[in-house]
Amino acid sequence: QVQLVESGGGLVQPGGSLRLSCAVSGSIESINAWGWYRQAPGNERALVGTLSKGGVTSYAESVKGRFTISRDNVHNTIYLHMNSLKPEDTAIYYCNAKEIKLTPLQVNEYWGQGTQVTVSS
């Protein structure tokens with residue numbers, strides 16, 4: 001079992017920056033990939049970016065070049081650094097962890113409770 005707790009959301013002006021944190025506890029060593037998702041009102045939850053256990057990152061086209069995912073192994077925290085924020089980035093942001101077991105094949109997903117990000121002047 002893994003527990004995720006997000007923090008760092010808030011109100012920011014267009015062009016501003018925020019850093020979201022995802023505090024992780026539990027069986028961290030079993031996690032194969034970390035991710036950040038977001039859900040805007042009236043929309044489905046969408047992938048923002050991922051960070052593999054090996055440190056490889058990938059991002060949605062809409063945030064590429066502006067957002068960065070990083071990990072602090074000492075403090076067991078996953079970060080989402082967001083720069084050049086736009087009003088369309090307004091959403092609830094969720095931290096995600098995926099645990100993949102091969103025998104038998106099983107994928108477990110864990111979610112945080114979400115943190116609100118509002119980009120507005």
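Since the model is a prediction, treat every value here as computed from it, not as a measurement.
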Tell me whether [X] shares a hydrophobic cluster with [Y], the cluster being built from Ile, Leu, Val, Met, Phe, Trp, Tyr side chains joined at under 4.5 Å.
X: Tyr94; Y: Ile31; value: no
X: Leu18; Y: Leu80; value: yes
X: Tyr79; Y: Val2; value: no
X: Trp111; Y: Trp34; value: no

Compare every heavy atom of [Y] with every heavy atom of [X], then report the nearest pair and how far apart it is.
X: Thr77; Y: Ser21; value: CG2-CB, 4.0 Å
X: Leu4; Y: Val24; value: CD2-CG2, 3.8 Å
X: Gly49; Y: Ile69; value: C-CD1, 3.2 Å

Neighbour count above 12 (heavy atom, 6.0 Å) for Glu44 CD: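 Count not over threshold, so no.
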Check whether more than 12 heavy atoms from other residues, nucleotides or ligands sit under 6.0 Å from atom CD of Gln1, and answer yes or no.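 No.
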Which of these, Lys98, Glu99, Lys101, sits in a side chain to side chain donor-acceptor pair (under 3.5 Å) with Ser30?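 Only one option passes, and that is Glu99.
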Exercise: do Asn83 and Ser17 side chains pair donor with acceptor under 3.5 Å: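 Asn83 vs Ser17: donor-acceptor pair found between side chains.
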So which of Met82, Gln39, Glu6 actually passes side-chain contact (heavy atoms from CB on, under 4.5 Å) with Tyr93? Met82
Taking the six-membered ring for Trp, is the centroid-to-centroid distance between Trp36 and Phe67 below 6.0 Å?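 Between Trp36 and Phe67, the centre distance exceeds or equals 6.0 Å.
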